[in-house]
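Throughout, numbering of the chain's residues begins at 1 and tracks the sequence. Values below: every heavy atom of this structure, side chains too, minus hydrogens, waters and symmetry copies.
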Amino acid sequence: MANKVRTTFANMGWMMISQIIASVCAFVWTIVTAWYLGPSDYGIFGSAVSFAALFGIIIDFGLPTYIVRAISTDFENEHKYLDNAVSLKLFLSVLYILAVFVALLILGWNSKLITITLLVSFENLIKSYHVILFSSFQAHEKMKYQAITNTILNVLTLAFIGIVTFTDFALIGIAFAYIIANFIALIYELYALKKHTILPRLSFDFRFYKVLLKAGLPFALTGLFYTIYYSIDLVMITQFSTTYATGLYNSAYKLITVLTLFYTIYSSVIFPVMSKLFKNEKNLLTFSFNKSIKYLSIATIPIAVFTLFYGYDLIGIYGAEYIEGGGVLKILIWTVCFLFINGACSLVLNASHEEYSVTKIYTLAAIFNICLNLVLIPNYSVYGASVATVLSEILILILELYMLKKINHLPDRHLIYDLTKICIASLILGIALFVLDLNMWLAMVVSIIVYFAALFLLRTVDEDDKMIIRQILGK
């Protein structure tokens, strides 16, 4: 167990460093882009990103998740999985671009929106190759090279967006900044694969394509419905309201996205480990699940509490034009708490070969979200869309806990005690912020001190946590 813990947290360390760099870069370029474009054009960009994402199932088709699980338990056939997956994506890529283009024509969006959406779609195409190739790093638990690739990608994206702001290329320039950065990072990724794991070769085994598509389908459907209820709101706001309203919503949504990037670290590192544990040591799977929820909650709940008090100050970073988005941010921030817990539940279900259950859950959530948006957006605009997203996350949590109970992986009572302590510490933080009424930047420092002092006094760190820390430190 010691080696597993040390390897897992070493990988998390690499990914954490990478994600900190990525989050800082994303935070800066999000603000710079918003300043540069203004709410209306920023709304167009947000709509393009969300619309292109809705068709992501075509190029992704659940292949990365399935291949990570497959390779983690069957290294001998790694070439067969990766070689055919990469070649299959060539066909899927053509279908993806065609589907996006036809859908844009049917909706009748203006030429500016169509152009930007197609460029974003091309960026998504390159990203899809990143994700499928990352499968090899994840399965081999060599996250160092994925971390380096992510760092290169994000630093270059920030640099290119910075350059664009000194030009008159506007939306077109921003879109190309993402495309070029992704392409350069892909070149490094191929080099790292060749040197440290395996470099895929194109293999056109059409019979095996059927195996990949069938196995990836439940993950693809889960991803599709997950994307629908996370992206459809921006598209629907554009359709039923204005691009200005979309820009306000997108400004809050992007700040949330920066936070949720940390979940990427967790899922990419933990999922292959969970797959192995399910096959060999199911008790450790439950242990990993409980600790994951505990640590993710420790990180996210206080952030949500802080944002509840300083939402308008945080959104004000974009500039006075976006200040109305502060109310949206105060609502949307709670999706982060549920997203991390729901994500941990989904990973356990996927690792336990219950992917069809996850698909059904996200299907229901997507339908629920669309229905809520149809009712709430016309009446409450961006605030209605925010509430719909939070309620959808709550529904997912309820359904996933029900499924975990059926397969005897429901969190134990010790986790309930831990979550209670975390909520009490967060409540103490909220009371301190309310009473002190500090400047936002000073409040950040005070919040860290108050929150971790409360966690310490409540004895939130138990013997298992100390053991994990010792294993990480090699003691």
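Using modelled atom types, no side-chain atom of T33 and backbone atom of T30 make a donor-acceptor pair closer than 3.5 Å. Using modelled atom types, one side-chain atom of Y451 and one backbone atom of I298 make a donor-acceptor pair closer than 3.5 Å. In this structure a side-chain-to-backbone donor-acceptor pair under 3.5 Å is present from N342 to E393. Although no hydrogens or angles enter the test, the distance criterion places no donor-acceptor pair under 3.5 Å between the side chain of Y322 and the main chain of S251. With hydrogens and angles disregarded, a donor-acceptor distance shorter than 3.5 Å links the side chain of K421 to the backbone of R459. At least one donor-acceptor pair closer than 3.5 Å links the side chain of K294 to the backbone N or O of T460. Judged by distance alone, the side chain of N369 and the main-chain N or O of A365 form no donor-acceptor pair under 3.5 Å.
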Do L133 and L186 pass the side chain to side chain contact (heavy atoms under 4.5 Å, CB included) test, and can you show the C-alpha distance, the side-chain angles, and the key distance before you say yes or no?
CA-CA 9 Å; L133 295 175; L186 182 62; 3.9 Å; yes
Derivation of the ring pair (Phe, Tyr, Trp, His ring centres under 6.0 Å) call for F45 and Y36:
CA-CA 12 Å; F45 187 69; Y36 179 59; over 10 Å; no
Starting from the C-alpha separation in whole Å, work towards a yes-or-no answer on side chain to side chain contact (heavy atoms under 4.5 Å, CB included) for K330 and Y383.
CA-CA 10 Å; K330 288 186 176 186; Y383 299 101; over 6 Å; no
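Taking CD from E324 and OH from Y312, the interatomic distance works out to 8.5 Å, rounded to the nearest 0.5 Å. Rounding to the nearest 0.5 Å gives a distance of 5.5 Å between CE of M444 and CG of L314. Put simply, CD1 on I396 and CZ on F338 are 11.0 Å apart, with the number rounded to the nearest 0.5 Å. Here the straight-line distance linking atom CG of L372 with atom OG1 of T389 works out to 9.0 Å at 0.5 Å rounding. Between the OG atom of S392 and the CG atom of L397 there is a distance of 12.5 Å, given to the nearest 0.5 Å. Note: L153 CG to N182 CG = 4.5 Å, rounded to the nearest 0.5 Å.
Counting heavy atoms from C-beta on, the side chains of I31 and F27 come closer than 4.5 Å. For the pair S386 and Y249, the minimum side-chain heavy-atom distance is below 4.5 Å. Considering only heavy atoms from C-beta on, Y188 comes within 4.5 Å of Y145 through its side chain. Within the 4.5 Å cutoff, side-chain heavy atoms of I44 are placed close to those of L171. Residues L419 and I293 form a side-chain contact, since some pair of their non-hydrogen atoms from C-beta on lies under 4.5 Å apart. For the pair I333 and L308, the minimum side-chain heavy-atom distance is 4.5 Å or more. Residues F309 and D437 have side chains not in contact (no heavy-atom distance under 4.5 Å, counting atoms from C-beta outward). Using a 4.5 Å heavy-atom cutoff, the side chains of M403 and V358 are not in contact.
When the shell of 6.0 Å around CZ of F176 is examined, it contains 12 or fewer heavy atoms from other residues, nucleotides or ligands. No more than 12 heavy atoms of other residues, nucleotides or ligands shown are found within 6.0 angstrom of CZ on F183. Enclosure of atom OH in Y310 by more than 12 non-hydrogen atoms of other residues, nucleotides or ligands within 6.0 angstrom is indicated.
Ring orientation note: the planes of W29 and Y178 are nearly perpendicular, at an angle over 60° on the 30°/60° scale.
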